[in-house]
2 protein chains.
Amino acid sequence: MNDQNKQYLQIRNQLVAALAAERFKAQSKLPSERELSERYGCTRVTVREALMQMEAEGLIYRRNRRGWFVTPPRLVFSPTRKLNFMQMVDEQNRQGETRVASAEVVIGDADTCCELMLVPGEKIYEIIRIRSLEGRPVLYEFIYLSQSRFPDLLDQPLAQSLTVLLQDHYGERIAREQIRITSATIDPRATEALEVLPGRSGVCIRRCRLNPKGEPVERDVEYWLSDAIEVQVDTH
Amino acid sequence: MNDQNKQYLQIRNQLVAALAAERFKAQSKLPSERELSERYGCTRVTVREALMQMEAEGLIYRRNRRGWFVTPPRLVFSPTRKLNFMQMVDEQNRQGETRVASAEVVIGDADTCCELMLVPGEKIYEIIRIRSLEGRPVLYEFIYLSQSRFPDLLDQPLAQSLTVLLQDHYGERIAREQIRITSATIDPRATEALEVLPGRSGVCIRRCRLNPKGEPVERDVEYWLSDAIEVQVDTH
DNA sequence: TCCAACATCTGGTCTAGACCAGATATGTCA
DNA sequence: TGACATATCTGGTCTAGACCAGATGTTGGA
(Lines give C-alpha, C1' and ligand atoms only; values in the text may rest on other atoms or scores of the structure.)
Protein backbone atom coordinates (compact mmCIF):
# COMPACT_ATOMS: atom_id res chain seq x y z
CA MET A 1 0.00 0.00 0.00
CA ASN A 2 1.45 3.28 -1.12
CA ASP A 3 1.70 5.83 1.66
CA GLN A 4 -0.52 8.12 -0.33
CA ASN A 5 -3.28 5.50 -0.35
CA LYS A 6 -3.51 5.56 3.40
CA GLN A 7 -6.55 7.59 4.24
CA TYR A 8 -5.22 8.78 7.57
CA LEU A 9 -2.11 10.19 5.88
CA GLN A 10 -4.26 12.00 3.32
CA ILE A 11 -6.27 13.53 6.15
CA ARG A 12 -3.04 14.39 7.93
CA ASN A 13 -1.76 16.13 4.78
CA GLN A 14 -4.92 18.16 4.41
CA LEU A 15 -4.82 19.20 8.04
CA VAL A 16 -1.14 20.12 7.77
CA ALA A 17 -1.93 22.20 4.70
CA ALA A 18 -4.71 23.94 6.62
CA LEU A 19 -2.31 24.66 9.47
CA ALA A 20 0.33 25.97 7.06
CA ALA A 21 -2.23 28.24 5.47
CA GLU A 22 -2.37 29.81 8.94
CA ARG A 23 -6.00 29.13 9.27
CA PHE A 24 -4.98 27.90 12.69
CA LYS A 25 -2.54 29.58 15.05
CA ALA A 26 -0.50 28.21 17.96
CA GLN A 27 -2.69 26.90 20.77
CA SER A 28 -5.83 27.22 18.71
CA LYS A 29 -8.29 24.38 18.85
CA LEU A 30 -8.92 22.01 15.98
CA PRO A 31 -12.46 20.94 15.08
CA SER A 32 -13.69 17.97 17.07
CA GLU A 33 -12.94 14.42 15.95
CA ARG A 34 -16.59 13.88 15.09
CA GLU A 35 -16.71 17.00 12.98
CA LEU A 36 -13.50 16.03 11.15
CA SER A 37 -14.79 12.51 10.52
CA GLU A 38 -17.89 13.98 8.89
CA ARG A 39 -15.86 16.44 6.89
CA TYR A 40 -13.54 13.74 5.55
CA GLY A 41 -16.18 11.05 5.25
CA CYS A 42 -14.56 8.44 7.43
CA THR A 43 -14.83 7.04 10.92
CA ARG A 44 -13.45 8.61 14.06
CA VAL A 45 -10.87 5.83 14.23
CA THR A 46 -9.27 7.03 11.02
CA VAL A 47 -9.40 10.67 12.04
CA ARG A 48 -7.71 9.73 15.29
CA GLU A 49 -4.95 7.92 13.36
CA ALA A 50 -4.30 11.14 11.47
CA LEU A 51 -4.34 13.23 14.64
CA MET A 52 -2.04 10.84 16.50
CA GLN A 53 0.34 10.90 13.54
CA MET A 54 0.47 14.69 13.77
CA GLU A 55 0.88 14.42 17.52
CA ALA A 56 3.93 12.20 16.99
CA GLU A 57 5.30 14.83 14.63
CA GLY A 58 4.85 17.46 17.31
CA LEU A 59 2.42 19.49 15.21
CA ILE A 60 -0.56 19.21 17.51
CA TYR A 61 -1.20 18.09 21.05
CA ARG A 62 -4.23 17.00 23.01
CA ARG A 63 -5.61 18.26 26.27
CA ASN A 64 -7.36 15.42 27.97
CA ARG A 65 -10.99 15.37 26.86
CA ARG A 66 -10.77 19.01 25.87
CA GLY A 67 -9.66 18.66 22.29
CA TRP A 68 -6.71 18.94 19.95
CA PHE A 69 -4.57 22.08 19.72
CA VAL A 70 -1.77 23.48 17.60
CA THR A 71 1.65 23.04 19.20
CA PRO A 72 3.65 26.19 19.96
CA PRO A 73 7.39 26.29 19.13
CA ARG A 74 9.75 24.25 21.28
CA LEU A 75 11.66 25.89 24.09
CA VAL A 76 15.38 25.43 23.65
CA PHE A 77 16.63 24.19 26.98
CA SER A 78 20.39 24.51 27.60
CA PRO A 79 21.36 22.93 30.90
CA THR A 80 25.01 23.79 30.39
CA ARG A 81 24.40 27.49 30.24
CA LYS A 82 24.01 29.13 33.60
CA LEU A 83 20.56 30.42 32.83
CA ASN A 84 17.48 29.75 34.87
CA PHE A 85 14.10 28.94 33.39
CA MET A 86 12.81 32.49 33.30
CA GLN A 87 15.96 33.79 31.67
CA MET A 88 15.72 31.15 28.95
CA VAL A 89 12.08 31.93 28.44
CA ASP A 90 12.71 35.66 28.17
CA GLU A 91 15.62 35.18 25.79
CA GLN A 92 13.34 33.26 23.45
CA ASN A 93 10.52 35.77 23.74
CA ARG A 94 8.16 33.38 25.44
CA GLN A 95 5.73 33.86 28.30
CA GLY A 96 6.69 31.60 31.16
CA GLU A 97 5.03 30.90 34.46
CA THR A 98 6.08 28.86 37.49
CA ARG A 99 3.65 27.47 40.03
CA VAL A 100 4.66 25.66 43.20
CA ALA A 101 2.30 22.70 43.47
CA SER A 102 3.63 21.49 46.79
CA ALA A 103 6.61 21.88 49.10
CA GLU A 104 7.05 19.62 52.09
CA VAL A 105 9.39 17.48 54.10
CA VAL A 106 9.34 13.80 53.21
CA ILE A 107 11.32 10.67 53.92
CA GLY A 108 13.83 10.29 51.12
CA ASP A 109 13.52 7.23 48.93
CA ALA A 110 16.50 5.03 48.23
CA ASP A 111 17.31 6.56 44.84
CA THR A 112 17.19 10.14 46.02
CA CYS A 113 19.17 9.54 49.21
CA CYS A 114 21.78 7.69 47.18
CA GLU A 115 22.09 10.52 44.67
CA LEU A 116 22.26 13.13 47.43
CA MET A 117 24.67 10.96 49.46
CA LEU A 118 22.36 10.90 52.47
CA VAL A 119 21.59 8.00 54.76
CA PRO A 120 18.51 6.16 53.51
CA GLY A 121 15.33 7.35 55.20
CA GLU A 122 16.68 10.83 55.99
CA LYS A 123 14.27 13.73 55.84
CA ILE A 124 14.42 15.79 52.69
CA TYR A 125 12.48 18.54 51.02
CA GLU A 126 10.29 17.64 48.09
CA ILE A 127 9.30 20.64 46.05
CA ILE A 128 6.97 20.16 43.10
CA ARG A 129 6.72 22.87 40.51
CA ILE A 130 4.73 23.22 37.33
CA ARG A 131 6.04 25.42 34.57
CA SER A 132 3.98 26.72 31.70
CA LEU A 133 4.60 28.44 28.40
CA GLU A 134 1.91 30.82 27.21
CA GLY A 135 -0.43 29.21 29.67
CA ARG A 136 0.28 25.65 28.55
CA PRO A 137 1.74 23.48 31.32
CA VAL A 138 4.79 21.80 29.80
CA LEU A 139 6.98 20.78 32.73
CA TYR A 140 6.34 19.00 36.01
CA GLU A 141 9.39 18.88 38.23
CA PHE A 142 10.30 17.23 41.50
CA ILE A 143 13.13 18.87 43.43
CA TYR A 144 14.87 17.17 46.33
CA LEU A 145 17.25 18.74 48.84
CA SER A 146 18.61 17.84 52.23
CA GLN A 147 16.55 19.38 55.04
CA SER A 148 19.44 19.70 57.47
CA ARG A 149 21.65 21.46 54.93
CA PHE A 150 19.02 24.10 54.07
CA PRO A 151 17.00 25.02 57.16
CA ASP A 152 13.81 27.03 56.66
CA LEU A 153 13.92 26.50 52.92
CA LEU A 154 10.15 26.18 52.73
CA ASP A 155 9.79 29.74 54.00
CA GLN A 156 11.65 31.05 50.99
CA PRO A 157 10.12 32.07 47.66
CA LEU A 158 10.21 28.76 45.82
CA ALA A 159 8.69 29.83 42.51
CA GLN A 160 11.88 31.69 41.66
CA SER A 161 15.27 30.35 40.67
CA LEU A 162 16.46 27.82 43.25
CA THR A 163 20.04 28.25 42.09
CA VAL A 164 19.94 31.91 43.00
CA LEU A 165 18.22 31.17 46.30
CA LEU A 166 20.79 28.56 47.30
CA GLN A 167 23.63 30.88 46.44
CA ASP A 168 22.29 34.07 48.02
CA HIS A 169 20.65 32.63 51.11
CA TYR A 170 22.76 29.60 51.91
CA GLY A 171 26.03 30.37 50.14
CA GLU A 172 25.83 27.14 48.19
CA ARG A 173 26.94 27.36 44.58
CA ILE A 174 26.10 24.88 41.83
CA ALA A 175 29.27 24.12 39.91
CA ARG A 176 28.33 21.18 37.73
CA GLU A 177 25.56 18.74 36.94
CA GLN A 178 25.04 15.15 35.94
CA ILE A 179 22.16 15.00 33.51
CA ARG A 180 20.30 11.98 32.22
CA ILE A 181 17.72 12.29 29.47
CA THR A 182 15.31 9.59 28.40
CA SER A 183 12.01 9.16 26.69
CA ALA A 184 9.66 7.75 29.34
CA THR A 185 6.06 7.72 30.43
CA ILE A 186 5.06 10.76 32.40
CA ASP A 187 4.87 10.22 36.14
CA PRO A 188 1.27 9.50 37.24
CA ARG A 189 1.43 12.42 39.70
CA ALA A 190 2.14 14.75 36.77
CA THR A 191 -0.46 13.71 34.25
CA GLU A 192 -3.36 15.71 35.59
CA ALA A 193 -1.42 18.97 35.81
CA LEU A 194 0.01 18.45 32.34
CA GLU A 195 -3.49 17.63 31.05
CA VAL A 196 -2.38 14.35 29.51
CA LEU A 197 -3.68 10.84 30.00
CA PRO A 198 -1.78 8.58 32.40
CA GLY A 199 0.73 6.47 30.53
CA ARG A 200 1.61 8.89 27.76
CA SER A 201 5.29 9.30 27.01
CA GLY A 202 7.32 12.44 27.49
CA VAL A 203 10.90 13.52 28.05
CA CYS A 204 12.33 12.76 31.47
CA ILE A 205 15.36 14.77 32.58
CA ARG A 206 17.04 13.80 35.81
CA ARG A 207 19.66 16.16 37.14
CA CYS A 208 22.04 15.84 40.03
CA ARG A 209 23.56 19.21 40.80
CA LEU A 210 26.89 19.43 42.57
CA ASN A 211 28.75 22.17 44.40
CA PRO A 212 32.39 23.05 43.59
CA LYS A 213 33.59 20.36 45.99
CA GLY A 214 31.66 17.75 44.02
CA GLU A 215 29.10 17.23 46.77
CA PRO A 216 25.53 16.65 45.58
CA VAL A 217 23.30 19.57 46.54
CA GLU A 218 20.07 19.12 44.64
CA ARG A 219 18.30 16.43 42.68
CA ASP A 220 15.78 17.28 39.97
CA VAL A 221 13.40 14.95 38.20
CA GLU A 222 11.65 16.73 35.36
CA TYR A 223 8.87 15.55 33.07
CA TRP A 224 8.50 17.60 29.92
CA LEU A 225 5.87 17.26 27.23
CA SER A 226 7.94 15.82 24.44
CA ASP A 227 6.89 18.39 21.85
CA ALA A 228 7.69 21.32 24.13
CA ILE A 229 11.44 21.04 24.42
CA GLU A 230 14.72 20.79 22.57
CA VAL A 231 17.72 20.06 24.77
CA GLN A 232 20.91 21.77 23.73
CA VAL A 233 24.28 20.90 25.22
CA ASP A 234 27.73 22.28 24.49
CA THR A 235 30.58 20.03 25.51
CA HIS A 236 34.27 20.59 25.74
CA MET B 1 -13.65 5.40 35.19
CA ASN B 2 -11.11 4.01 37.59
CA ASP B 3 -7.83 3.12 35.94
CA GLN B 4 -8.28 -0.43 37.06
CA ASN B 5 -11.56 -0.66 35.19
CA LYS B 6 -9.86 -0.02 31.91
CA GLN B 7 -9.56 -3.34 30.21
CA TYR B 8 -6.44 -2.42 28.28
CA LEU B 9 -4.65 -1.53 31.52
CA GLN B 10 -5.68 -4.84 33.07
CA ILE B 11 -4.27 -6.65 30.05
CA ARG B 12 -1.16 -4.51 30.29
CA ASN B 13 -0.76 -5.47 33.94
CA GLN B 14 -1.10 -9.16 33.21
CA LEU B 15 1.42 -8.95 30.40
CA VAL B 16 3.83 -7.01 32.60
CA ALA B 17 3.47 -9.66 35.29
CA ALA B 18 4.18 -12.34 32.71
CA LEU B 19 7.28 -10.47 31.60
CA ALA B 20 8.44 -10.02 35.18
CA ALA B 21 7.96 -13.71 35.81
CA GLU B 22 10.67 -14.08 33.16
CA ARG B 23 8.48 -16.15 30.99
CA PHE B 24 9.74 -13.80 28.31
CA LYS B 25 13.32 -12.64 27.87
CA ALA B 26 14.78 -9.64 26.08
CA GLN B 27 14.08 -9.69 22.34
CA SER B 28 11.70 -12.62 22.66
CA LYS B 29 8.48 -12.43 20.72
CA LEU B 30 5.10 -11.95 22.33
CA PRO B 31 2.09 -13.97 21.17
CA SER B 32 0.30 -12.43 18.21
CA GLU B 33 -2.37 -9.79 18.72
CA ARG B 34 -5.04 -12.24 17.59
CA GLU B 35 -3.90 -14.86 20.05
CA LEU B 36 -3.82 -12.35 22.91
CA SER B 37 -7.29 -11.07 22.03
CA GLU B 38 -8.61 -14.63 22.27
CA ARG B 39 -6.77 -15.25 25.51
CA TYR B 40 -8.14 -12.10 27.13
CA GLY B 41 -11.55 -12.30 25.53
CA CYS B 42 -11.53 -8.91 23.85
CA THR B 43 -11.03 -7.38 20.44
CA ARG B 44 -7.69 -6.72 18.80
CA VAL B 45 -8.28 -3.00 19.25
CA THR B 46 -8.14 -3.38 23.01
CA VAL B 47 -5.10 -5.65 22.89
CA ARG B 48 -3.37 -3.08 20.72
CA GLU B 49 -4.17 -0.36 23.27
CA ALA B 50 -2.43 -2.47 25.92
CA LEU B 51 0.55 -3.16 23.67
CA MET B 52 0.90 0.48 22.66
CA GLN B 53 0.77 1.46 26.31
CA MET B 54 3.64 -0.90 27.03
CA GLU B 55 5.45 0.42 23.99
CA ALA B 56 5.19 3.96 25.40
CA GLU B 57 6.63 2.65 28.65
CA GLY B 58 9.55 1.19 26.75
CA LEU B 59 8.76 -2.36 27.83
CA ILE B 60 8.12 -3.80 24.38
CA TYR B 61 8.69 -2.70 20.82
CA ARG B 62 7.30 -3.70 17.46
CA ARG B 63 9.03 -4.79 14.33
CA ASN B 64 6.91 -3.75 11.39
CA ARG B 65 4.49 -6.59 10.58
CA ARG B 66 6.73 -9.06 12.39
CA GLY B 67 5.33 -8.84 15.86
CA TRP B 68 5.95 -7.44 19.32
CA PHE B 69 9.17 -8.07 21.24
CA VAL B 70 10.59 -7.48 24.69
CA THR B 71 12.80 -4.38 24.86
CA PRO B 72 16.45 -4.90 25.88
CA PRO B 73 18.02 -2.48 28.39
CA ARG B 74 18.81 1.02 27.22
CA LEU B 75 22.30 1.93 26.12
CA VAL B 76 23.69 4.77 28.17
CA PHE B 77 25.02 7.24 25.65
CA SER B 78 27.50 9.82 26.99
CA PRO B 79 28.45 12.31 24.31
CA THR B 80 30.70 14.22 26.68
CA ARG B 81 32.94 11.28 27.36
CA LYS B 82 35.52 10.68 24.70
CA LEU B 83 34.29 7.19 24.00
CA ASN B 84 33.21 5.91 20.64
CA PHE B 85 30.20 3.72 20.08
CA MET B 86 32.01 0.42 20.35
CA GLN B 87 33.78 1.43 23.54
CA MET B 88 30.47 2.40 25.13
CA VAL B 89 28.90 -0.83 24.01
CA ASP B 90 31.77 -2.92 25.39
CA GLU B 91 31.78 -1.07 28.67
CA GLN B 92 28.11 -1.93 29.13
CA ASN B 93 28.59 -5.55 28.11
CA ARG B 94 26.47 -5.23 25.02
CA GLN B 95 26.95 -6.65 21.54
CA GLY B 96 27.19 -3.83 19.05
CA GLU B 97 27.41 -3.79 15.29
CA THR B 98 27.97 -1.02 12.76
CA ARG B 99 26.95 -1.25 9.14
CA VAL B 100 27.68 1.38 6.52
CA ALA B 101 24.50 1.71 4.48
CA SER B 102 25.91 4.21 2.01
CA ALA B 103 28.83 6.58 1.57
CA GLU B 104 28.87 9.07 -1.25
CA VAL B 105 29.51 12.61 -2.33
CA VAL B 106 26.44 14.82 -2.45
CA ILE B 107 25.56 18.48 -2.78
CA GLY B 108 25.24 19.89 0.70
CA ASP B 109 21.85 21.21 1.72
CA ALA B 110 21.49 24.65 3.25
CA ASP B 111 21.38 23.45 6.85
CA THR B 112 24.43 21.24 6.60
CA CYS B 113 26.54 23.77 4.72
CA CYS B 114 25.60 26.39 7.27
CA GLU B 115 26.57 24.18 10.18
CA LEU B 116 29.84 23.18 8.50
CA MET B 117 30.49 26.78 7.44
CA LEU B 118 30.73 25.86 3.78
CA VAL B 119 29.37 27.75 0.81
CA PRO B 120 25.87 26.50 -0.02
CA GLY B 121 25.89 23.81 -2.68
CA GLU B 122 29.43 22.65 -1.95
CA LYS B 123 30.20 18.96 -2.31
CA ILE B 124 30.22 17.01 0.90
CA TYR B 125 30.39 13.42 2.01
CA GLU B 126 27.21 11.81 3.24
CA ILE B 127 27.86 8.65 5.18
CA ILE B 128 24.91 6.66 6.44
CA ARG B 129 25.48 4.09 9.14
CA ILE B 130 23.17 1.74 10.99
CA ARG B 131 24.09 0.59 14.45
CA SER B 132 22.58 -2.40 16.20
CA LEU B 133 22.54 -3.84 19.68
CA GLU B 134 22.29 -7.60 19.95
CA GLY B 135 21.11 -7.64 16.37
CA ARG B 136 18.40 -5.02 16.86
CA PRO B 137 18.93 -1.92 14.73
CA VAL B 138 18.59 1.04 17.08
CA LEU B 139 20.39 3.93 15.40
CA TYR B 140 20.36 5.39 11.90
CA GLU B 141 22.91 8.14 11.44
CA PHE B 142 23.76 10.61 8.74
CA ILE B 143 27.31 11.97 8.84
CA TYR B 144 28.38 14.98 6.81
CA LEU B 145 31.94 16.19 6.19
CA SER B 146 33.61 18.50 3.74
CA GLN B 147 34.99 16.65 0.74
CA SER B 148 37.87 19.02 0.14
CA ARG B 149 39.04 18.85 3.72
CA PHE B 150 39.17 15.03 3.80
CA PRO B 151 40.26 13.67 0.41
CA ASP B 152 39.81 9.95 -0.23
CA LEU B 153 37.69 9.56 2.88
CA LEU B 154 35.45 7.04 1.16
CA ASP B 155 38.42 4.69 0.70
CA GLN B 156 38.86 4.47 4.45
CA PRO B 157 37.18 1.96 6.78
CA LEU B 158 33.98 3.84 7.65
CA ALA B 159 32.39 1.29 9.97
CA GLN B 160 34.94 2.14 12.62
CA SER B 161 35.27 5.24 14.76
CA LEU B 162 35.31 8.34 12.60
CA THR B 163 36.91 10.33 15.39
CA VAL B 164 39.90 8.01 15.39
CA LEU B 165 40.05 8.03 11.60
CA LEU B 166 40.00 11.81 11.38
CA GLN B 167 42.69 12.09 14.01
CA ASP B 168 45.03 9.36 12.74
CA HIS B 169 44.66 9.84 9.01
CA TYR B 170 43.97 13.54 8.66
CA GLY B 171 45.34 14.94 11.91
CA GLU B 172 42.01 16.53 12.71
CA ARG B 173 41.01 16.36 16.35
CA ILE B 174 37.51 16.81 17.75
CA ALA B 175 37.67 19.15 20.71
CA ARG B 176 34.05 19.93 21.46
CA GLU B 177 30.52 19.43 20.24
CA GLN B 178 27.21 21.23 20.03
CA ILE B 179 24.45 18.74 20.69
CA ARG B 180 20.71 19.13 20.21
CA ILE B 181 18.30 16.48 21.39
CA THR B 182 14.63 16.32 20.54
CA SER B 183 11.80 13.88 20.31
CA ALA B 184 10.87 13.74 16.62
CA THR B 185 9.50 11.47 13.95
CA ILE B 186 12.10 9.15 12.51
CA ASP B 187 13.41 10.22 9.11
CA PRO B 188 11.57 8.38 6.32
CA ARG B 189 14.91 7.10 4.96
CA ALA B 190 15.54 5.39 8.30
CA THR B 191 12.24 3.68 8.98
CA GLU B 192 12.83 0.57 6.88
CA ALA B 193 16.26 -0.17 8.37
CA LEU B 194 14.95 0.42 11.89
CA GLU B 195 11.95 -1.81 11.11
CA VAL B 196 9.45 0.80 12.21
CA LEU B 197 6.51 2.34 10.40
CA PRO B 198 7.04 5.73 8.77
CA GLY B 199 5.92 8.51 11.06
CA ARG B 200 6.78 6.91 14.38
CA SER B 201 8.59 9.07 16.85
CA GLY B 202 12.10 8.54 18.13
CA VAL B 203 14.98 10.50 19.59
CA CYS B 204 16.82 12.80 17.21
CA ILE B 205 20.33 13.86 18.17
CA ARG B 206 22.06 16.42 16.02
CA ARG B 207 25.73 17.02 16.67
CA CYS B 208 28.11 19.57 15.29
CA ARG B 209 31.67 18.57 16.12
CA LEU B 210 34.38 21.18 16.26
CA ASN B 211 38.17 21.08 16.23
CA PRO B 212 40.29 22.90 18.84
CA LYS B 213 40.14 26.08 16.75
CA GLY B 214 36.34 25.99 16.92
CA GLU B 215 35.99 25.15 13.25
CA PRO B 216 33.16 22.74 12.42
CA VAL B 217 34.53 19.42 11.21
CA GLU B 218 31.65 17.01 11.17
CA ARG B 219 27.88 17.10 11.38
CA ASP B 220 25.88 14.13 12.67
CA VAL B 221 22.16 13.61 12.51
CA GLU B 222 21.16 10.54 14.47
CA TYR B 223 17.80 8.84 14.83
CA TRP B 224 17.55 6.50 17.80
CA LEU B 225 14.67 4.26 18.74
CA SER B 226 13.38 6.05 21.80
CA ASP B 227 13.44 3.01 24.05
CA ALA B 228 17.04 2.15 23.16
CA ILE B 229 18.90 5.08 24.63
CA GLU B 230 19.51 7.17 27.72
CA VAL B 231 21.58 10.27 27.13
CA GLN B 232 23.97 11.17 29.92
CA VAL B 233 25.78 14.46 30.07
CA ASP B 234 28.19 15.82 32.63
CA THR B 235 28.56 19.59 32.62
CA HIS B 236 30.93 21.92 34.34
C1' DT C 1 20.80 -28.63 -2.53
C1' DC C 2 18.91 -24.55 -3.84
C1' DC C 3 15.52 -21.62 -5.42
C1' DA C 4 10.97 -20.22 -6.72
C1' DA C 5 6.03 -20.42 -6.00
C1' DC C 6 2.61 -20.50 -2.79
C1' DA C 7 0.20 -20.52 1.58
C1' DT C 8 0.00 -18.63 6.00
C1' DC C 9 0.91 -15.54 9.64
C1' DT C 10 1.74 -10.93 11.21
C1' DG C 11 0.52 -6.33 12.16
C1' DG C 12 -1.65 -2.14 9.56
C1' DT C 13 -5.79 0.11 8.10
C1' DC C 14 -10.68 0.80 8.15
C1' DT C 15 -15.95 0.53 8.88
C1' DA C 16 -20.04 1.56 11.77
C1' DG C 17 -21.52 1.69 15.35
C1' DA C 18 -21.91 2.01 21.13
C1' DC C 19 -21.33 3.79 25.80
C1' DC C 20 -18.47 6.26 29.37
C1' DA C 21 -16.37 10.11 32.04
C1' DG C 22 -14.52 14.35 32.38
C1' DA C 23 -14.73 19.34 30.71
C1' DT C 24 -17.52 23.03 29.60
C1' DA C 25 -21.44 25.83 28.64
C1' DT C 26 -26.06 26.95 30.00
C1' DG C 27 -29.78 27.97 32.51
C1' DT C 28 -32.19 28.35 36.81
C1' DC C 29 -32.93 29.77 41.29
C1' DA C 30 -31.77 32.19 45.46
C1' DT D 1 -24.83 38.60 41.00
C1' DG D 2 -23.31 34.16 42.27
C1' DA D 3 -23.75 29.32 43.15
C1' DC D 4 -25.45 25.06 41.71
C1' DA D 5 -27.72 21.69 38.86
C1' DT D 6 -28.07 20.18 34.25
C1' DA D 7 -27.38 19.44 29.40
C1' DT D 8 -24.08 19.06 25.95
C1' DC D 9 -19.66 18.52 23.99
C1' DT D 10 -15.21 16.41 24.06
C1' DG D 11 -12.10 12.72 23.73
C1' DG D 12 -11.46 7.80 25.79
C1' DT D 13 -12.67 3.03 25.57
C1' DC D 14 -14.65 -0.92 23.35
C1' DT D 15 -17.20 -4.34 20.17
C1' DA D 16 -17.19 -7.28 15.98
C1' DG D 17 -16.12 -7.61 12.28
C1' DA D 18 -13.35 -6.80 7.21
C1' DC D 19 -9.53 -6.53 3.95
C1' DC D 20 -4.61 -5.35 2.85
C1' DA D 21 0.48 -5.81 2.46
C1' DG D 22 4.59 -7.25 4.01
C1' DA D 23 7.24 -11.05 6.46
C1' DT D 24 7.88 -15.75 6.94
C1' DG D 25 7.51 -20.66 6.43
C1' DT D 26 6.52 -24.60 3.49
C1' DT D 27 6.52 -27.21 -0.42
C1' DG D 28 7.92 -28.76 -4.97
C1' DG D 29 10.58 -28.90 -8.72
C1' DA D 30 15.00 -28.35 -11.15
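Within every chain, numbering begins at 1; the chains are lettered A, B, ... in the order of the sequence lines, protein sequences first and strands thereafter.
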For [X], all residues meeting side chain to side chain donor-acceptor pair (under 3.5 Å), sequence neighbours excluded:
X	value
R180(B)	E115(B)
Q232(A)	none
R189(B)	D187(B)

- Quick one: salt bridge (charged side-chain N to carboxylate O under 4.0 Å, His left out) partners of R34(B), sequence neighbours excluded?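 With neighbours one apart ignored, the set is empty.
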- Task: Apply salt bridge (charged side-chain N to carboxylate O under 4.0 Å, His left out) to E134(B) and list each qualifying residue two or more places apart in sequence or on a separate chain.
- Result: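 In terms of salt bridge (charged side-chain N to carboxylate O under 4.0 Å, His left out), with neighbours along the sequence ignored, E134(B) is linked to R94(B).
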- Query: Between E38(A) (CD) and dA16(C) (P), how many Å, whole number?
  - Reply: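 Result: 13 Å.
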- Distance, rounded to the nearest Å, where L197(A) contributes CG and dC20(C) contributes C1':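 It is 13 Å, rounded to the nearest whole Å.
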- DNA chain C-proximal residues of residues 48-55 of chain B, any heavy atom under 4.0 Å: R48(B)
- Answer yes or no: side-chain N or O of R44(B) and base N or O of dG17(D) forming a donor-acceptor pair under 3.5 Å.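 Result: no qualifying N/O pair found.
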- Item | Non-neighbouring partners of F142(B) that pass ring-ring contact (aromatic ring centres under 6.0 Å, His included), sequence neighbours left out |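 F142(B) satisfies ring-ring contact (aromatic ring centres under 6.0 Å, His included) with Y140(B) only.
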Output one line per pair: protein atom, nucleotide atom from nucleotides 23-25 of chain D, and distance, for all N/O pairs under 3.5 Å.
none

- Restricting to pairs with a member in residues 54-63 of chain A, which pass side-chain hydrogen bond (donor to acceptor under 3.5 Å, both in side chains), not counting sequence neighbours?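 Sorted pair list: R12(A)-E57(A), Q27(A)-Y61(A), Q53(A)-E57(A), E55(A)-R62(A), R63(A)-E195(A).
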